[in-house]
Amino acid sequence: MSRFAAACIDTNVQPHFRHNAEIRRYLPAAHQLRSIPDVEQQWYQAPGGDYRPDLYGKHYPGSDPETVSRHLFGDAGVDYAILNPLTRGNIADYLLNSCICAAINDWLLDRWLDPDPTNRFRGTIRVNPEDPKGAVAEIERLAGHPKLVQVGVPMQSREPYGKPVFEPIWEAAAAHGLPVAVHINGGNGVDYPPTFAGHAHTYPGYAAFMPLNYFVHLATLIVEGVFARHPGLTFVFADGGYDILTPLMWRLDTFWLSMRDQTPWVERYPSEYLPAHVRFCSSAFDGPVDAGQMQRWMDFSDKADLVMYGSSYPQWSTSPPAMAVAGLDALQREKVLWRNAGELYGLTVESSVP
């Protein structure tokens, strides 16, 4: 990525282990010899490789803090980077899955956050939603660390995240002022269909439709009253898909208006919950092809207040800051590049707009 002159916070960076077995150093002795999936999404690998071609070489892509710092802070001109490591998929043994999440958190602290000489990395507490009690305990264990700024869960889930079984996790996150980031997970455990109608045949089918699962989670968080009960709770959907946010919210508003007797706890139009509770990381695949339409397109559903720049480094679809804000006006650029993220994560950078 070429260096960007304006202030910028990258909200979507995936650090990786140097090799798949490195995680075992951080697992309890009873779990160190267990079978654990590799980090890659094995059934849907991108043509040409999952990562940026220039990152293959001496280090596994995204595994060396010094290299990542140079690429993001030096080459791209990013001020802060939010690290959201992938786990190893949805594993049937939920206790093992929770141990893997804890091991990843310990590794993130040990290798990336605590020794960070730049003080510009921030991290994610990965938890296993299949184990609500364990997830809450993990949040309580790590929420006090100043460099851990959000809770991370996979997009793939047995149930939509608005269901009551998950609410103790969201309550714990909100109590500590931590947003919840939802990201397509790595690994190849007990895979759920990536689309509403089953398994896609090819990577394009997977990549196009998997991010849309966010709306199922979002709709139930609103309709089940989770946002109403937890006014300080924010969800960050890190895989894009906000290009279809407006028609989906229009649809949800329409059904809510005609069936309010079934959801009396939803006291506002569903779309009115977006500003206080929902953010998206930018995606190279979202938005109109014509940059001249970007300003008007961002005005639908006030997306300039909801979207935060995210590079998806080191994925093959890594996008530079300039691409994320092409065609936007000065205020929209500022919001997407750093203001929205700065307010959410409590980070301060210098304004690029007088």
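The shortest distance between side-chain heavy atoms of Gln332 and Asp305 does not fall below 4.5 Å. Under the 4.5 Å side-chain criterion, counting only non-hydrogen atoms from C-beta, Tyr192 is in contact with Arg158. No side-chain heavy atom of Ser283 sits under 4.5 Å from any side-chain heavy atom of Pro211. Proximity of Tyr161 to Trp170: side-chain heavy atoms (C-beta onward) are separated by under 4.5 Å at one or more points. Proximity of Met210 to Gln156: side-chain heavy atoms (C-beta onward) are separated by under 4.5 Å at one or more points. Considering only heavy atoms from C-beta on, Trp297 comes within 4.5 Å of Asp243 through its side chain.
The salt bridge (charged side-chain N to carboxylate O under 4.0 Å, His left out) check on Arg229 picks up Glu167, with sequence neighbours excluded. Considering only residues two or more places apart in sequence or on other chains, Lys163 meets the salt bridge (charged side-chain N to carboxylate O under 4.0 Å, His left out) condition with Glu159.
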Stepwise ring-ring contact (aromatic ring centres under 6.0 Å, His included) check, Phe280 with Phe237:
CA-CA 5 Å; Phe280 292 89; Phe237 296 101; 5.8 Å; yes
Set out, in order, the CA-CA distance, both residues' side-chain angles and the distance that settles ring-ring contact (aromatic ring centres under 6.0 Å, His included) for Trp316 and Tyr51, then state yes or no.
CA-CA 4 Å; Trp316 70 273; Tyr51 308 113; over 10 Å; no
Applying side-chain contact (heavy atoms from CB on, under 4.5 Å) to Gln150 and Ile125, what does each step give before you reach the verdict?
CA-CA 6 Å; Gln150 66 184 4; Ile125 304 171; over 6 Å; no
Dump the intermediate steps for side-chain contact (heavy atoms from CB on, under 4.5 Å) on His59 and Glu66, then the final yes or no.
CA-CA 11 Å; His59 304 288; Glu66 183 178 346; over 6 Å; no
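Here NE2 of His31 is found 6.5 Å from CG of Leu95. Values are rounded to the nearest 0.5 Å. To the nearest 0.5 Å, the span separating CG on Asp79 from CG on Leu72 amounts to 11.5 Å. Summarising the geometry, atom CG belonging to Leu306 is positioned 6.0 Å from atom CZ belonging to Arg279; distances are rounded to the nearest 0.5 Å.
Cation-pi geometry between Arg120 and Phe73 is met: under 6.0 angstrom from the ring centre, within 45 degrees of the axis.
Using a distance-only test at 3.5 Å, with no hydrogens or angles considered, no donor-acceptor pair links the side chain of Arg339 to the main chain of Leu331. The backbone N or O of Asp38 lies less than 3.5 Å from no partner atom in the side chain of Arg88, so there is not a single donor-acceptor pair.
Residue Val236 is grouped with residue Phe285 when hydrophobic side chains (ILVMFWY) are merged at heavy-atom distances under 4.5 angstrom, including chains of intermediate members. Under a hydrophobic clustering in which Ile, Leu, Val, Met, Phe, Trp and Tyr are joined whenever their side-chain heavy atoms come within less than 4.5 Å, directly or via other members, Ile100 and Leu33 fall into different clusters. Both Met308 and Val349 belong to a single network of hydrophobic side chains, linked directly or stepwise wherever heavy atoms of I, L, V, M, F, W or Y lie under 4.5 Å apart.
A side-chain N or O of Asn105 and one of Glu138 form a donor-acceptor pair less than 3.5 Å apart. Ser301 and Thr246 form a side-chain donor-acceptor contact under 3.5 Å, judged by distance and modelled atom types alone. Between Tyr313 and Gln14, the side chains place no donor N or O within less than 3.5 Å of an acceptor N or O (distance only, hydrogens not considered).
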